[in-house]
There are 2 protein chains.
Amino acid sequence: MTSIDDVARAAGVSIATVSRALRGLPNVSDATRSRVKTVADELGYVASAGASGLASGRTLTMGVVVPSVSRWFYQMALEGIDEELRRANYDMMLFNLAARKGDRERVFHRSILRKRTDALIALCLEFTPSEREQLLSLGHPTIVIGGPVKGIRHIGIDERATARAATQHLITLGHRRIAHVGGDDDEGLNRRVPLDRRRGFRDAMEAAGLAVRPEWLLSGRFSLAPSRAVVNEMLASAERPTAIVANSDEMAIGAIMAAHDSGLQVPGDLSVIGIDNHDLAESFGLTTMAQDPFEQGALGARILLDDLGGIVPPRRTSVTAPSHLIVRTSTAPPIH
Amino acid sequence: MTSIDDVARAAGVSIATVSRALRGLPNVSDATRSRVKTVADELGYVASAGASGLASGRTLTMGVVVPSVSRWFYQMALEGIDEELRRANYDMMLFNLAARKGDRERVFHRSILRKRTDALIALCLEFTPSEREQLLSLGHPTIVIGGPVKGIRHIGIDERATARAATQHLITLGHRRIAHVGGDDDEGLNRRVPLDRRRGFRDAMEAAGLAVRPEWLLSGRFSLAPSRAVVNEMLASAERPTAIVANSDEMAIGAIMAAHDSGLQVPGDLSVIGIDNHDLAESFGLTTMAQDPFEQGALGARILLDDLGGIVPPRRTSVTAPSHLIVRTSTAPPIH
DNA sequence: TTGAAAGCGTTACCAA
DNA sequence: TTGGTAACGCTTTCAA
């Protein structure tokens with residue numbers, strides 16, 4: 001509860017001097033500065049963020065909007081963002097949309113737009129035209145991580161090319177009968193990601209002259225259990241594929257477990273490749289197209305911080321993050 | 001950038017009236033209120049959180065301190081907290097300690113103590129005496145979720161009793177040679193949790209007159225891969241246990257995978273029980289002592305909000321959250 | 001190098 | 001039911 005003039009009084013200086021001394025601004029004598037610091041420490045004084053935000057116009061806070069906090073991608077991105085923010089002494093305000101379409105309006109209005117952040121970073125979600133307009137009218141730097149959103153710059157892998165490369169890996173191994181596990185993500189609200197990945201799958205299949213069978217286009221809802229279930233179902237039919245491309249590692253692991261359920265060997269009877277390089281991928285020997293959401297998050301934060309710094313002109317272009325193949329033991333040539 | 005007096009001017013009323021009208025306070029005529037609302041909407045006015053915080057003393061923000069965001073327990077608790085906060089129109093400021101001891105001091109001072117929150121909820125972490133003192137001197141409601149912290153009320157399961165019950169389950173099934181996978185959690189900074197759980201394991205063993213063998217006291221660092229590795233090692237020795245109690249489901253799953261690595265059947269050759277009821281537990285058929293961090297988080301938030309509401313006198317006592325046994329297919333009587 | 005004082009955008013109290 | 005006006009706790013400009 002001690003505020004700046006308590007310190008000023010105790011140190012025998014003006015509040016202006018206290019402010020300057022504590023923030024490390026120039027034009028304060030060493031003697032004064034150290035005295036002020038000592039006094040502030042003794043009194044346990046910490047400046048009120050709200051008040052300095054009001055006075056200076058900078059809140060030193062970044063807003064982060066997430067569709068949920070319980071998915072690997074978001075966690076990693078969050079950690080990356082956080083690391084960068086901490087380095088810049090920024091705090092993080094977390095807005096969790098938690099897949100509740102109904103609440104978005106409120107979250108947007110009551111929270112995001114309340115000028116309590118200097119910049120906004122959104123993970124993998126789409127905005128309605130009205131939301132986008134409001135955001136832009138707020139006038140502060142914004143970036144999206146994870147899925148392309150029209151009208152806002154973003155950072156993310158080339159979804160289509162990544163899925164194509166995954167499929168290509170299987171084709172190169174000699175597979176010709178390949179299934180795809182895709183499907184919408186209820187929580188991650190960006191529809192384009194799964195669509196683009198499926199498109200990449202199609203690209204590769206068609207380029208190789210392979211048939212895309214409708215009954216081998218599965219939906220695993222971006223989670224292990226549903227993926228396992230649909231793959232099990234597929235494996236029960238007379239004809240089955242020799243390989244599976246999954247839109248995410250969690251779904252790929254579900255596919256591996258389904259193979260075991262069905263008494264099949266991986267990669268002997270069935271090859272499986274995923275996308276992500278999830279924490280668990282290595283434990284399951286999963287071959288995957290790796291991406292690094294931690295780094296994507298960190299980069300996003302860094303770009304926003306640069307924009308705020310005002311030294312460099314803000315970059316308006318999106319960034320394509322890298323992805324690369326990691327071969328483990330879940331893929332091998334098919335046994336003819 | 002529109003602020004309250006823009007609205008006042010445009011609506012032809014005073015800023016005081018605008019403030020009242022928009023916040024739904026009484027003593028505003030219906031006509032005035034609706035006119036003000038319309039104007040505010042047209043102008044896209046949203047009150048500045050910082051300014052109202054300054055003036056009113058309430059920031060409508062809750063601080064949440066986490067050791068990391070990439071563990072199941074924290075995710076679930078965060079979602080629970082978030083749900084409750086949203087209901088009360090509160091925002092969440094996330095302070096990620098990210099296991100960096102070095103940074104804590106800065107995070108504490110520069111962020112947590114900056115009066116930008118009305119209350120504080122801490123997940124599973126310990127405080128140094130100095131930190132605790134600073135927190136208390138801040139004077140706002142605080143609660144800890146997940147691990148007992150002396151000097152601050154908390155919400156959490158009875159760690160010791162829960163581990164005891166897990167062990168007891170195996171003993172009841174007839175197991176006599178039981179190993180324990182515990183070990184510190186690098187990220188979750190509360191040392192008491194793993195200690196109390198191991199104590200519970202010991203309790204049950206001793207009560208049943210069973211030997212606790214030092215070479216069967218493993219450390220799995222609260223993660224799948226390390227657990228799998230140490231269990232594999234143990235299973236390679238001449239004498240091996242017939243069952244394992246793991247301090248967490250992630251470690252229990254590691255143990256199950258190790259069993260498979262070693263060519264053992266679960267539960268035929270080895271029974272495994274965990275603690276948590278992690279998202280993946282069901283997929284692995286893992287028997288476990290379930291707890292509900294979502295609910296613990298929600299309850300914590302609710303208690304703080306109640307405190308802030310000031311209607312009921314603040315509750316000073318800690319809350320013991322429930323845990324219960326879920327039997328799946330990873331445990332069975334030993335084969336003699 | 002230091003201090004005085006004018007904001008910053010609200011809320012809340014007291015008058016009208 | 002409304003309006004005027006001190007706070008709120010800082011930052012920042014301008015003078016000293």
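Labels below follow one simple rule: chain letters A, B, ... track the order of the sequence lines, proteins then strands, and each chain is numbered from 1.
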Letter by letter from the 5' end, nucleotides 7-16 of chain D scores (B base, S sugar-phosphate only, - none; protein heavy atoms under 4.0 Å) -BBBBBB---
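Rounded to whole angstrom, the span from the CG atom of B/Asp6 across to the C1' atom of C/dT10 amounts to 13 Å. Distance A/Asn27 CG to C/dG3 P: 13 Å, rounded to the nearest Å.
Between A/Thr32 and C/dT1 there is no side-chain polar atom (N or O) within less than 4.0 angstrom of OP1 or OP2. Between C/dG3 and A/Thr17, a contact under 4.0 Å exists linking OP1 or OP2 to a side-chain N or O.
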When the side chains of residues 297-304 of chain A are checked against the rest of the protein, which donor-acceptor pairs come out under 3.5 Å, sequence neighbours left out?
from: A/Arg302; atom 1: NE; to: A/Glu84; atom 2: OE2; distance (Å): 3.3
from: A/Arg302; atom 1: NH2; to: A/Glu295; atom 2: OE2; distance (Å): 3.1

Just list the side-chain donor-acceptor pairs under 3.5 Å for residues 133-143 of chain B, sequence neighbours left out, or say none.
from: B/Ser137; atom 1: OG; to: B/Gln134; atom 2: O; distance (Å): 2.9
from: B/His140; atom 1: ND1; to: B/Thr117; atom 2: O; distance (Å): 3.2
from: B/Thr142; atom 1: OG1; to: B/His140; atom 2: O; distance (Å): 3.0

Using atom types as modelled, flag every donor-acceptor pair under 3.5 Å from a side chain in residues 2-9 of chain B to any protein atom, sequence neighbours excluded.
from: B/Thr2; atom 1: OG1; to: B/Leu43; atom 2: O; distance (Å): 3.4
from: B/Asp6; atom 1: OD2; to: B/Ser3; atom 2: N; distance (Å): 2.8

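Rotation axes derived from the C1' atoms of the five outermost pairs at either end of the helix from C/dT1-D/dA16 to C/dA16-D/dT1 lie 30° apart, to the nearest 10°.
Residue pairs satisfying the salt bridge (charged side-chain N to carboxylate O under 4.0 Å, His left out) criterion with at least one member in residues 138-151 of chain A, sequence neighbours excluded, are absent. Pairs passing the side-chain hydrogen bond (donor to acceptor under 3.5 Å, both in side chains) check and including a residue from residues 36-46 of chain B, sequence neighbours excluded, do not occur.
With sequence neighbours excluded, no residue satisfies salt bridge (charged side-chain N to carboxylate O under 4.0 Å, His left out) with A/Asp118. Remark: A/Asp91 engages B/Arg110, B/Arg116 in a salt bridge (charged side-chain N to carboxylate O under 4.0 Å, His left out) (not counting sequence neighbours).
A distance-only check finds no donor-acceptor pair linking the side chain of A/Ser111 to the backbone of A/Phe108 [under 3.5 Å].
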